[in-house]
Amino acid sequence: MTDHRYPLRLGDDALIAAQRLSWWCTRAPQLEEDVALANVALDLLGQARALLAHAGDLEGAGRTEDDLAFLRGDREFGNAQLVELPEADFAHAVAKLLFFGTYQELLHTALASCADPVLAALGGKFAKESAYHVDHATQWTLRLGDGTSESRRRMQDAVDALWPYTHELFAEDPLWTAAAADGTGVDPAALLPDWTRYVTAVLARATLVRPEGDWRPGGGRRGLHTEAFGPLLAEMQALHRAHPGARW
Amino acid sequence: MTDHRYPLRLGDDALIAAQRLSWWCTRAPQLEEDVALANVALDLLGQARALLAHAGDLEGAGRTEDDLAFLRGDREFGNAQLVELPEADFAHAVAKLLFFGTYQELLHTALASCADPVLAALGGKFAKESAYHVDHATQWTLRLGDGTSESRRRMQDAVDALWPYTHELFAEDPLWTAAAADGTGVDPAALLPDWTRYVTAVLARATLVRPEGDWRPGGGRRGLHTEAFGPLLAEMQALHRAHPGARW
Amino acid sequence: MEAQFEAVIAADARVEPRDWMPDAYRATLVRQIAQHAHSEIIGMQPEGNWLTRAPSLRRKAILLAKAQDEAGHGLYLYAAAETLGVDRAELTEKLVDGRQKYSSIFNYPTLTFADVGVIGWLVDGAAICNQVPLCRCSYGPYARAMVRICKEESFHQRQGYELLMTMMAGTDAQRAMVQDAVDRWWWPSLMMFGPPDGASPNSERSMAWRIKRHSNDELRRRFVDMTVPQAEHLGVTLPDPDLAWNEERGGWDFGEPDWSELQQVIKGDGPCNAQRIERRRAAHEDGAWVREAASAYAAKKAAREGSSR
Amino acid sequence: MEAQFEAVIAADARVEPRDWMPDAYRATLVRQIAQHAHSEIIGMQPEGNWLTRAPSLRRKAILLAKAQDEAGHGLYLYAAAETLGVDRAELTEKLVDGRQKYSSIFNYPTLTFADVGVIGWLVDGAAICNQVPLCRCSYGPYARAMVRICKEESFHQRQGYELLMTMMAGTDAQRAMVQDAVDRWWWPSLMMFGPPDGASPNSERSMAWRIKRHSNDELRRRFVDMTVPQAEHLGVTLPDPDLAWNEERGGWDFGEPDWSELQQVIKGDGPCNAQRIERRRAAHEDGAWVREAASAYAAKKAAREGSSR
């Protein structure tokens, strides 16, 4: 049977990505983008809810999606650090969506044929959503990279800042290995060649330089997060925790 | 006997002012100012602790300073809106400290001869602290107001933005009236002439214009806060609330 | 041409963008549609304040979807305004520098999560009362935008009411939050219908042009009659001691809002006016480099495609 | 002159700012004192991360007071460096652009409130082991600054340990937080003493000049011997399977830290390097207008006072 921590971790990725993205609502550079980013955030939030609910079912301890989202501490979240990073400007939001969305699209596509029927069904559904996110991020990467000199500088800065955090998405991990071994999940290492091919091509078309450097921060999968994560979680959970047991 | 809500409200002013000010730690424009602002924040936090503890004693329901600080909701805090406002730059921090510190110095001095012996003792002690805060804010108001054209513009912007919120400090309120009537507290309306005289003189020396306009936002005393207050409180209370009943 | 315009109005038919129309009719519509569009966009902020703090994932999703709908409504409405020969950038400038207004209701702060529910119930409810008749407005593009918007607004209103029902069935603290939110939003909601008829100078002309179909006071009464039984069902008290059933009229009598407060908020001195405009201004200015990049890229792309033909 | 300098060193007396000193001695001191000053200032950040979220008002006050002390230590140390003919602004530039370092320990994140206690206990504890001998450093201003600093550091260490004792007497969750923090900070704390003696090229000369009085490994052993019984008293496990009492030596044997990690963090690839420098850079740059205003005001004031004489 699927280890409940597997969908939980995927759900954490989606949840924290949605939480960061929702900050843009009322702050996007144009109204079309308020709509589009809210749409992406909604997809991610929907993915998080389905995955956390599935994790709760598999765990069998009666924890709901809200218990898992609002009542775990900083060290119990398994999302990759990439998704929790603050988005200093719109270029950061675009670069993050390009990197994370491409990873998600490949992951969801692979998940669609896994042995856990719930995850397989979700993977099929989510893959379509992710494809839209990737397309959206790709369009913006091209516009910003090949737009003005300022936009190119900002986009390159964002790519440089976030690139090191992409390694963690594909890093070896016992949970991935186990899930891949029994067919209930995917080893993301297998996705890396396709990811690199796609992202590299987009960066090239956008006249951007693919970063070098061997810094590979990580630890999110083991609950080791950046200092930006605690305040994010504090804000997200404060109201829920202020009213223990209340329904909303 | 002193209404416990009286020291509670004064304590809320000091607590929220300290919380905002502590943001500057590691972000001040020079190291001397990291020291000075932390010092002011520490004084304010000390005042808050003494006042909340006194309020808890008077209430007689066993609530500690931490219960009052961490387990009340947004609508139960009685601080003036002035102290909760975000500080957009150092000029805002200076203007706020000038306005709030001058109010506090007058208040604490008057409190030193009130009928509540605890409050009278605290008033005497706090008045000295406030005098230092006012002196510090005054020196910076002069430097920024009469410094460069940029600093003058920023300082004037800060004064203009915060001035409307000073009215609430002196506004009529049943709790003030009752406390003044039985001698257990001070009616801040009586402090307004001295406050205006001092602040006006400092602004004039700093070559700054005293704002006109009749907008008088308020409501903090009745728990009606700005939208900046909820996130401030969420951050302040999140960890305490995440561990109900724990001692630290 | 004027006669033809008058005939269309008299027949209760639609004026379309290419039709001749009096300058004052056009100006009135631009002002009203722009104000309406601005209200959708600024109106994202009060509830947006709770997006990152929503106490359940379901409520977070509902809030996000609502904010997204509002941005969409803003887009339709700016598009409707553009059919009258203005453009969105110009309208945004006017919003940001204070030459055009938005609904004053959005200058009040959302202090607790119950405010999210009450905004859905009362504010969207009042908006619907105002907007349903606009679906038959004489200007075609505006009327058609309103049909779509009203449908979504009703959905938002039901969601807001459902949140309040859930909270009223919850803890004492939740019930107190709901009552407190109702106490704060009731009077501002009544003021959403504008000043009393005697003090509303432009209403008569707008009614003659069939832009507007009911007077402010008429719509306000309709809203109160609709809302009082909902409040009873919810179990909250509306903060008006003068609220009383009028047997004769078959409707509810109610007290007089504090019109001086409305004037003050319209003038700019509401609790959140400065903050709302500042957020909008910051988003617009911080986004300038992005919009410039998009234009530059589009131009390059067009040039490349042109030269490769 | 050189002979006099050598004599002062040999007599274990103090070199003072006006005394002649070899260029290399001066350069070594500037580098070390600046790095020490930078460490105090950057060291405010990891704990400062919890200032606004401290779970009790008492702990918030302790944190604030500690941050204030650290800023004060930074000021003494920059002042000590300035006696060697450099200035603070120049040192800050070098910090911000990466030409000077600070202690690598501050490149690790503070993930829970237990980290605040563990930093007090282990990080301040290790700093004290390093710094107590510096109170007898051959350069007078540095030695005197260290006397004051060490006193305050001991106080911080006791406060950190007391927080951990309180948490260990608390809930299961609190105890788990403490153990987790110890697991994360133990090895980085050991690395605070620098590379093993064989790989520490400058140590010998510093010892000859009596800037340094003990080797890295010697201080590291001293720290472990001091800390192991404290860990036992606290009830936490130190994450080192090789930790064992050595009867013969009368001290604790311990495992080898992962020196490649230290090299990586020093090189710039620690979890928080970029973030720490960025915060310091932003504070420095955002404060430029304030410092300029203060200078301009001082100049105007001096001119006014000059002309009014």
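Quick note on labels: first sequence line is chain A, next is B, and so on, each numbered from 1.
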K.L.:
For B:E87, is there an ion pair with B:K96 - N to carboxylate O distance below 4.0 angstrom?
P.N.:
yes
K.L.:
When you check the side-chain N and O atoms of D:D69 and D:H156, is any donor under 3.5 Å from an acceptor?
P.N.:
yes
K.L.:
What part of B:D89 gets closer than 4.5 Å to chain D, counting heavy atoms only: side chain, backbone, both or neither?
P.N.:
side chain
K.L.:
If you count heavy-atom pairs under 4.5 Å between each of B:L45, B:V94, B:L37 and chain D, which one has the most?
P.N.:
B:L45
K.L.:
Under 4.5 Å from any heavy atom of chain B, what part of D:M177 do you find: side chain, backbone, both or neither?
P.N.:
side chain
K.L.:
Check this for me: does any side-chain nitrogen of one of B:D34 and B:R27 sit under 4.0 Å from a carboxylate oxygen of the other?
P.N.:
no
K.L.:
At a heavy-atom separation under 4.5 Å, does D:Q174 approach chain B through its side chain, its backbone, both, or neither?
P.N.:
side chain
K.L.:
Just give me the residue among B:A69, B:A38, B:S149, B:A238 that pairs up with chain D most often, heavy atom to heavy atom, under 4.5 Å.
P.N.:
B:A38
K.L.:
Classify the side-chain pair D:D115/D:T110 by whether it contains a donor and acceptor separated by less than 3.5 Å.
P.N.:
no
K.L.:
Which one, B:R20, B:M236, B:E33, B:E150, leads in non-hydrogen pairs under 4.5 Å with chain D?
P.N.:
B:M236
K.L.:
What residue in D:G48, D:A61, D:A67, D:G170 has the most heavy-atom pairs under 4.5 Å with chain B?
P.N.:
D:A61
K.L.:
Under 4.5 Å from any heavy atom of chain B, what part of D:K301 do you find: side chain, backbone, both or neither?
P.N.:
neither
K.L.:
With a 4.5 angstrom heavy-atom cut-off, which part of D:R53 approaches chain B: side chain, backbone, both or neither?
P.N.:
both
K.L.:
Which one wins on heavy-atom pair count under 4.5 Å against chain D: B:Q30, B:E65, B:R152?
P.N.:
B:E65
K.L.:
Which atoms of D:L63 are under 4.5 Å from chain B, going by heavy atoms: the side chain, the backbone, both sets, or neither?
P.N.:
neither
K.L.:
Any salt bridge between B:R9 and B:D12, counting N to O under 4.0 Å?
P.N.:
no
K.L.:
Should the pair D:R59-D:E162 be classified as a salt bridge under the 4.0 Å nitrogen-to-oxygen rule?
P.N.:
yes
K.L.:
Test D:L91 against D:Q100 for side chain to side chain contact (heavy atoms under 4.5 Å, CB included), laying out the working first.
P.N.:
CA-CA 8 Å; D:L91 299 177; D:Q100 287 181 345; 3.7 Å; yes
K.L.:
Check whether D:A169 gets within reach of chain B through its side chain, its backbone, both or neither, counting any heavy atom under 4.5 Å.
P.N.:
neither
K.L.:
Please flag which part of D:T171 lies under 4.5 Å from any non-hydrogen atom of chain B: side chain, backbone, both or neither.
P.N.:
side chain
K.L.:
Please determine if D:R158 and D:D124 form a salt bridge, counting it only when a charged side-chain N lies under 4.0 Å from a carboxylate O.
P.N.:
no
K.L.:
Quick one: closest heavy-atom pair of B:R154 and B:A91, and the distance?
P.N.:
O-CB, 3.6 Å
K.L.:
Hey, which of B:W140, B:W24, B:F70, B:W23 has the most heavy atom pairs under 4.5 Å with chain D?
P.N.:
B:F70
K.L.:
Name the region of B:Q237, side chain, backbone, both or neither, that has any atom closer than 4.5 Å to a heavy atom of chain D.
P.N.:
neither
K.L.:
Tell me, side chain or backbone of D:R58 under 4.5 Å from chain B's heavy atoms, or both, or neither?
P.N.:
both
K.L.:
I'd like to know if D:R279 pairs up with D:E285 as an ion pair, taking the criterion as any Lys NZ or Arg NE/NH1/NH2 lying under 4.0 Å from an Asp or Glu carboxylate oxygen.
P.N.:
no
K.L.:
Counting heavy-atom pairs under 4.5 Å to chain D, which of B:L232, B:T148, B:L144, B:T26 comes out on top?
P.N.:
B:T26
